[in-house]
Amino acid sequence: AIAAANAQEDAVKRLTVALGFRSKALIEQATALQKLTIFEDDQIITVQSQFASLIKNEAQIKELTKVTLDYAAATGIELDSATKIMVKGVGMGGHALAKLGIIVADDMQGMKHLATATENADVLIRHFTEHFSGQAAAAAETFSGKTAQTKNALGELYEELGGIITRNTFFIKGLDL
């Protein structure tokens, strides 16, 4: 339980540092997406923090997060791998994706080599929404998806139980030796 609480706290801290402030909207999105998909909120917050290291626009981070979950679910690749691919696309443009075998067809014109991360994000959101929208939610509607959601719900319970200890000033002060 303590490990689960620590993982949640660590994920939120990484997002806060990457973004420059604590985003209630992004944390709420992670909670909502956990209920609709097979992904844990800690994983989702980690995805958000990766994007926040490149762009600071919460609306774009939300959209990028959503399409990354859809992309991972549609292709069957791990969320971490899907995130790395998307971050490369945001940070380096369409040429980085093309090297990975992902062609952002008509939108390649919008992803010039020297485009900003914000401009690249807009193109990726458009492209990946068109091709993969709804895949993460659909994956949660299968038996294995329902099993994953049940596991995630239990994880939330463990986070709360662990939080009783990790947020308790008595225990925190005891660690300050």
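By convention here, the first residue in the shown sequence is residue 1.
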Considering only heavy atoms from C-beta outward, does the side chain of Lys88 approach that of Lys84 to under 4.5 Å? no
Among Leu79, Ile61, Leu64, Leu26, find the one that has a side chain to side chain contact (heavy atoms under 4.5 Å, CB included) with Val47. Leu79
Cut-off 3.5 Å, side chains only: do Ser144 and Thr142 have a donor facing an acceptor? yes
Pair up each side-chain donor or acceptor in residues 9-22 with any protein partner under 3.5 Å, not counting sequence neighbours, and list the distances.
residue	atom	partner	partner atom	Å
Arg14	NH2	Thr46	OG1	3.3
Thr16	OG1	Val12	O	2.8

Do the side chains of Phe128 and Thr68 get nearer than 4.5 Å, heavy atoms only? no
Less than 4.5 Å apart, any side-chain heavy atom of Val87 and any of Phe51? yes
With side chains defined as the heavy atoms from C-beta onward, is the minimum distance between Thr129 and Lys66 less than 4.5 Å? no
Are Ile44 and Leu69 packed together at the side-chain level, in the sense that at least one heavy-atom pair is separated by less than 4.5 angstrom? yes
Distance, nearest 0.5 Å, that separates OG1 of Thr65 from CG of Asp70: 11.0 Å
Whether the Gln50 and Thr83 side chains hold a donor-acceptor pair (N or O, under 3.5 Å, no angle test) is what I'd like checked. no
Glu156 vs Gln34 side-chain heavy atoms within contact, under 4.5 Å: yes
Is Leu36 reachable from Phe132 through a run of I, L, V, M, F, W or Y residues, each pair having side-chain heavy atoms under 4.5 Å apart? no
Please tell me if the side chains of Lys35 and Thr31 come closer than 4.5 Å, counting only heavy atoms from C-beta onward. yes
With a 4.5 Å cut-off on side-chain heavy atoms, are Gln8 and Ile45 touching? yes
Quick one: do Ile77 and Tyr71 satisfy side-chain contact (heavy atoms from CB on, under 4.5 Å)? Show the steps, please. CA-CA 8 Å; Ile77 63 175; Tyr71 175 61; 3.7 Å; yes
Does Lys151 come within less than 4.0 Å of Glu40, counting only side-chain N to carboxylate O? yes
